[in-house]
Amino acid sequence: GAGVSQSPRYKVAKRGQDVALRCDPISGHVSLFWYQQALGQGPEFLTYFQNEAQLDKSGLPSDRFFAERPEGSVSTLKIQRTQQEDSAVYLCASSAGVSIGANVLTFGAGSRLTVL
Amino acid sequence: SQQGEEDPQALSIQEGENATMNCSYKTSINNLQWYRQNSGRGLVHLILIRSNEREKHSGRLRVTLDTSKKSSSLLITASRAADTASYFCATEGDSSYKLIFGSGTRLLVRP
């Protein structure tokens, strides 16, 4: 597609519910990233995929967070048993690859999660 | 943890004025990037400056980099109301793929 597409744009969940956030990166982009952005803050790195391989998940806050990209294109970020502190905007970004010398990211519009 | 920190946190100017935002970072870098984020949207890449460059221009944007002081500045000349947004600097973290963002400068351009 022309850009990075994320869905849903807005999600309200009750505490304890599971949620799944979808990211459709730019076609052909090898690298895919998930970031978490709290209100008034900069994005914080969550995880990185190169094709279908999850090479870095060091930023995932807890084992309730799980991300996958099984076919190397669409990715899903799943949060189990949501807590109020999970409320944030979840940003997905893709890039052509990091081997080209600089990693310039194209971001989606984000999924805003509110946990009540 | 955040590698880059921007200042000021917020900036309000009149349309037509110039806006300057600063970014400081902690460790050595290969390049530094600036992104813009309009309210409720994702981040948009503005400009990248490499560690061997001191200044770079793109339209009304001018970016400088001082590696000895570990700092960068973004200058927007002749600002417009449409420039109202948050601006973030980003540098590589402990890995070349991991961009670390600062907390941003919120710019308001008054018509």
Side-chain angles (χ1 to χ4, degrees), chain A residues 2-7 9-10 21 23-26 29-51 53-61 88-112, chain B residues 1-10 21 23-26 29-53 56 58 63 65 72 74 85-108:
Chain A
V4 177
S5 178
Q6 291 190 245
S7 61
R9 286 294 315 278
Y10 304 93
L21 308 176
C23 173
D24 213 325
I26 291 175
H29 272 193
V30 168
S31 301
L32 184 144
F33 304 81
W34 284 98
Y35 281 80
Q36 180 189 58
Q37 187 176 26
L39 189 64
Q41 299 296 314
E44 297 264 359
F45 172 85
L46 293 179
T47 187
Y48 160 58
F49 289 86
Q50 184 174 321
N51 296 306
Q54 188 175 23
L55 299 186
D56 188 337
K57 55 181 180 179
S58 63
L60 295 177
V89 175
Y90 291 86
L91 296 165
C92 177
S94 68
S95 71
V98 301
S99 61
I100 55 175
N103 193 24
V104 175
L105 302 185
T106 300
F107 281 84
S111 292
R112 179 180 296 277
Chain B
S1 63
Q2 297 190 312
Q3 158 84 308
E5 292 297 330
E6 291 91 341
D7 86 273
Q9 289 188 334
M21 290 157 265
C23 168
S24 59
Y25 56 92
K26 297 172 185 170
I29 59 171
N30 292 317
N31 57 71
L32 183 144
Q33 303 180 44
W34 285 90
Y35 287 77
R36 182 189 73 223
Q37 184 177 35
N38 290 89
S39 179
R41 308 292 293 273
L43 283 78
V44 174
H45 177 258
L46 294 176
I47 196 166
L48 178 148
I49 186 166
R50 299 191 184 278
S51 59
N52 60 355
E53 297 175 308
K56 198 163 182 179
S58 177
V63 169
L65 180 65
S72 174
L74 171 67
S86 291
Y87 292 82
F88 297 90
C89 66
T91 56
E92 299 146 358
D94 50 15
S95 306
S96 61
Y97 56 80
K98 187 187 292 185
L99 279 189
I100 305 296
F101 290 84
S103 52
T105 293
R106 281 163 287 288
L107 174 66
L108 172 65

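Reminder, nothing fancy here: chain letters follow the sequence lines and each chain counts from 1.
- Side-chain polar atoms of B/Q9 and B/S103 form no donor-acceptor pair below 3.5 angstrom.
- Your options are A/V89, A/D56, A/L91, and the one with the most heavy-atom pairs under 4.5 Å with chain B is A/D56.
- Contact of B/L99 with chain A is made through backbone and side chain together, with heavy-atom distances under 4.5 Å.
- Remark: side-chain polar atoms of A/Q54 are not paired, donor with acceptor, to backbone N or O of A/T47 under 3.5 angstrom.
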Just do the side-chain contact (heavy atoms from CB on, under 4.5 Å) check on B/L32 and B/C89 with the steps written out, would you? CA-CA 7 Å; B/L32 183 144; B/C89 66; 4.3 Å; yes

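- The distance from atom OG of B/S24 to atom CD of B/E5, rounded to the nearest 0.5 Å, is 6.5 Å.
- The candidate from B/K98, B/R41, B/Q37, B/H45 with the greatest count of non-hydrogen atom pairs under 4.5 Å with chain A is B/K98.
- Proximity to chain B is limited to the side chain of A/S58, based on heavy atoms less than 4.5 angstrom apart.
- With a 4.5 angstrom heavy-atom cutoff, A/Q37 touches chain B only via side-chain atoms.
- Aromatic ring pairs are classed by plane angle as parallel below 30°, tilted from 30° to 60° and perpendicular above 60°; the pair A/Y48 and B/Y97 is parallel.
- Both the backbone and the side chain of A/L105 come within contact range of chain B, with heavy atoms under 4.5 Å apart.
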